[in-house]
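Here is the structure we will look at.
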Amino acid sequence: VSAIELSRRLHSREITAVELLQTTLDRIDDVNPKLRAIIALRKDRENLLQEALEADFDLDYAAANTDRRKQVGWLRGIPLAIKDLFMAKGIPTTLGGCPLFGEQSEQGEDEGSYKFGNWSFENEVEDEPYVGRLRDAGAIIIGKTNAPELGMGCHSYNTIHGTTLNPYNLSVTAGGSSGGAAAAIASKMLVFSDGSDMMGSLRNPAGWNNLYSIRPTAEWMSENTLSLANDGEGDGSAESIIELTYPISSVGPMARCPEDLAMFLGTLLPKEQTDFDASFVTEQSLDELTLLVKKSTIGWLADWGGSLPYENGVLSHCKRTLDIFGSLGGASVECIPDAPFPNEDLWDSWMTIRSHSILNSLRGKIGCDADEVVPTLKARCVKAEAIWECERGECLTRQQLERAVEKVNDWSVCADSLFQSYDFLALPSSQVYPFDASMNWPTSIAGKKMDTYHRWMNVMVPVTLLGAPCLTIPAGMGSTNGLPMGIQIFAQKGKDAQLLQLARWYYRNSEMKDIDLAV
């Protein structure tokens with residue numbers, strides 16, 4: 001059942017919010033121990049029940065008084081969990097089980113904290129702005145979804161909450177960093193959820209869990225994102241500002257169908273940032289969607305001119321799926337054999353920007369000077385990858401940062417030229433299929449050694465650096481390994497609605513809706 005259909009049933013009083021809450025909690029109790037997707041599930045069940053009863057009161061009153069119906073949000077009574085990188089009042093934010101802000105204690109839990117084993121984290125006293133908008137629309141926030149420590153990496157594992165497993169195959173990863181959200185949606189614990197994406201953290205788990213996601217136009221969610229922060233010559237001073245004109249990370253939605261994706265995106269977005277209207281997606285007729293596809297030209301970037309290695313089967317799997325737009329929709333799907341921009345230039349720029357941003361983000365969270373970040377991380381036994389990023393960030397010079405931004409601007413000009421010939425551009429949502437959950441990350445792909453912990457996610461970088469809107473669609477299961485894969489499709493900034501319309505057409509014409517779960 002979609003979120004839109006659940007909303008309709010709640011508003012028509014075919015079901016109650018109390019019944020939906022209980023069904024949701026029962027499903028979580030049954031499935032979550034196998035997946036470890038939802039964490040910090042609220043223990044104040046009486047308060048949760050009271051919130052559902054209040055939702056039912058509002059829905060009953062609106063059903064009996066037509067003039068009140070538009071005043072009750074479309075999410076009224078629908079349970080949601082928030083990604084564990086963002087604040088939700090009354091629930092702790094552990095930043096993916098990061099020991100940086102928790103305390104080990106043998107004492108019991110008090111009203112202001114939450115215990116995970118012997119780790120204690122303080123409950124938040126306020127919401128992220130977008131979480132506040134979800135509450136205003138009527139959502140009942142029941143907990144958090146798992147993520148890797150500090151949200152770093154596309155595999156959701158940490159020492160406090162464990163590893164989130166894939167609901168289609170319990171031996172492999174659900175991806176990340178929004179892996180908890182993806183596994184919870186795919187396993188039908190949640191109807192949809194929020195996520196965030198710096199280097200594929202919406203795109204990767206959506207593809208690996210047969211879901212849809214959208215990383216919106218970068219500027220649209222800037223209140224919750226990291227931009228390239230101030231710095232001087234790597235000494236922690238703030239004498240100059242070197243920045244992109246848009247943030248490199250964005251909050252976005254993930255769902256089982258594109259209509260839900262559009263509605264959720266419309267609720268997440270701050271109204272002052274954009275005029276996005278979900279009805280431009282949800283109310284399009286099949287004929288209108290078909291016409292959009294028929295008029296479209298999609299450029300398939302494949303292996304970026306041979307510079308991106310892929311696990312055997314990924315490229316052919318994704319290309320067969322992408323060809324559906326041509327064979328059934330009449331779109332022109334064209335292969336782009338050459339790299340449109342040097343991959344190593346993109347990667348080097350990304351490494352510089354990412355390390356600089358992570359250092360400055362953690363400096364802000366800890367509340368210290370830049371040269372105190374690494375010692376603090378080491379003292380608190382934070383993951384090695386975070387320390388490595390911050391050590392790199394400390395060494396960066398102003399000239400390196402300027403060169404990185406210059407290369408990104410060059411890529412933006414190149415992409416604008418590409419979009420003169422193509423309406424949409426496409427790449428696989430990962431260079432590998434979901435891998436063994438006991439691994440930290442792939443160390444090689446097709447015989448090519450990965451030189452960093454995140455090099456296997458190289459395919460995510462072009463979209464991130466553009467700040468372009470990017471849709472993920474499910475490509476179904478691999479023919480030989482039976483594992484899920486997805487495709488990322490991106491467009492010029494502001495064309496989020498057109499991407500979602502493309503997804504709606506695909507949803508109606510693909511066979512990705514009913515794939516058996518392992519839970």
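Please read these numbers as outputs of a predicted model, since none were measured by experiment. When reading the values below, keep in mind they use all heavy atoms of this one structure, side chains included, and skip hydrogens, waters and symmetry mates. Numbering starts at 1 and runs along the sequence shown.
Heavy atoms from other residues, nucleotides or ligands lying under 6.0 Å from CZ of F57 number 12 at most. Heavy atoms from other residues, nucleotides or ligands lying under 6.0 Å from CD of E111 number 12 at most. The local environment of NZ in K43 is crowded, with over 12 non-hydrogen atoms from other residues, nucleotides or ligands closer than 6.0 Å. Heavy atoms of other residues, nucleotides or ligands lying less than 6.0 angstrom from CD of E46 number 12 at most.
In this structure, L401 CG and R398 CZ are separated by 8.5 Å, a value rounded to the nearest 0.5 Å. Atom CD1 of I78 sits about 11.0 Å away from atom CG of L190, to the nearest 0.5 Å. Taking CH2 of W388 as the start and CG of L377 as the end, the distance is 14.5 Å to the nearest 0.5 Å. Rounded to the nearest 0.5 angstrom, K383 NZ and L100 CG are separated by 13.0 Å. Distance check, rounded to the nearest 0.5 Å: CD of E19 to CG of L10 gives 9.0 Å. Rounded to the nearest 0.5 angstrom, I358 CD1 and M198 CE are separated by 5.5 Å.
Between the side chain of D56 and the backbone N or O of V18 there is at least one donor-acceptor pair closer than 3.5 Å. Formation of a donor-acceptor pair under 3.5 Å by the D127 side chain with backbone atoms of K89 is found in this model. One N or O on the side chain of S193 and one on the backbone of A81 form a donor-acceptor pair closer than 3.5 Å. Proximity of a side-chain donor or acceptor of R392 to a complementary backbone N or O of M351 within less than 3.5 Å is detected. The backbone N or O of G175 lies less than 3.5 Å from a partner atom in the side chain of S156, making a donor-acceptor pair. Here the side chain of Q273 pairs a donor or acceptor atom with the backbone of E219 at under 3.5 angstrom. Checking side-chain atoms of H11 against main-chain N and O of S7 turns up a donor-acceptor pair under 3.5 Å. A distance-only check finds no donor-acceptor pair linking the side chain of S113 to the backbone of E109 [under 3.5 Å]. Within the 3.5 Å criterion, the main-chain N or O of C470 finds no donor-acceptor partner in the side chain of R203. In terms of modelled atom types and a separation under 3.5 Å, the side chain of N204 and the main chain of S177 share no donor-acceptor contact.
Put simply, the side chain of N169 does not reach to within 4.5 Å of the side chain of P434, judged on heavy atoms. Contact of the Y453 side chain with the N440 side chain is not registered, since no non-hydrogen atoms from C-beta on lie closer than 4.5 Å. In this structure the side chain of R504 never reaches within 4.5 angstrom of the side chain of C257, judged on heavy atoms. Side-chain contact between T472 and L202: absent, with no pair of heavy atoms (C-beta onward) separated by less than 4.5 Å. Using a 4.5 Å heavy-atom threshold, the side chains of T94 and Y114 count as separate. Y433 places a side-chain heavy atom less than 4.5 Å from the side chain of M485. Using a 4.5 Å cut-off on side-chain heavy atoms (C-beta onward), D197 and S250 make no contact. A heavy-atom distance below 4.5 Å is not found between the side chains of I82 and E128.
Ring pair W208/W456 is parallel by interplanar angle, where below 30° counts as parallel and above 60° as perpendicular.
Here the closest non-hydrogen pair linking G494 and T217 is N-OG1, 2.8 Å. Looking at every heavy atom in both residues, M254 comes nearest to P205 through CE-CG, 4.2 Å. Taking each heavy atom of A37 and A184 in turn, the nearest pair found is CB-N, 3.9 Å. For V519 against K34, the heavy-atom pair with the smallest separation is CG1-CD, 4.1 Å.
Legend: residues meeting side-chain hydrogen bond (donor to acceptor under 3.5 Å, both in side chains) with D436, ordered by chain and number and at least two apart, are S438. Applying the side-chain hydrogen bond (donor to acceptor under 3.5 Å, both in side chains) criterion to S2, with sequence neighbours excluded, gives no partner residue. Under the ring pair (Phe, Tyr, Trp, His ring centres under 6.0 Å) criterion, H155 pairs with Y157, F435, sequence neighbours left out.
Residue pairs meeting the ring pair (Phe, Tyr, Trp, His ring centres under 6.0 Å) criterion with at least one partner in residues 160-183, sequence neighbours excluded, are F116-H161. Applying the side-chain hydrogen bond (donor to acceptor under 3.5 Å, both in side chains) test to residues at least two apart or on different chains, the pairs with a partner in residues 141-152 are T93-K144, N146-N158, N146-T164.
Looking at Q22 and D26, their side chains do bring a donor and an acceptor atom within 3.5 Å of each other. A donor-acceptor contact closer than 3.5 angstrom links the side chains of S355 and E389.
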Pair up each side-chain donor or acceptor in residues 260-268 with any protein partner under 3.5 Å, not counting sequence neighbours, and list the distances.
residue, atom, partner, partner atom, Å
D260, OD1, A3, N, 3.3
D260, OD1, I4, N, 3.1
D260, OD2, A3, N, 2.7
T267, OG1, W74, NE1, 2.9
T267, OG1, M263, O, 3.1

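A salt bridge links K378 with E391: the distance from a Lys NZ or Arg NE/NH1/NH2 to an Asp or Glu carboxylate oxygen falls below 4.0 Å. Contact check on R76 versus D58 returns a salt bridge, with a Lys/Arg side-chain nitrogen under 4.0 Å from an Asp/Glu carboxylate oxygen. Using a cutoff of 4.0 Å between basic side-chain nitrogens and carboxylate oxygens, E106 and K115 are not scored as salt-bridged.
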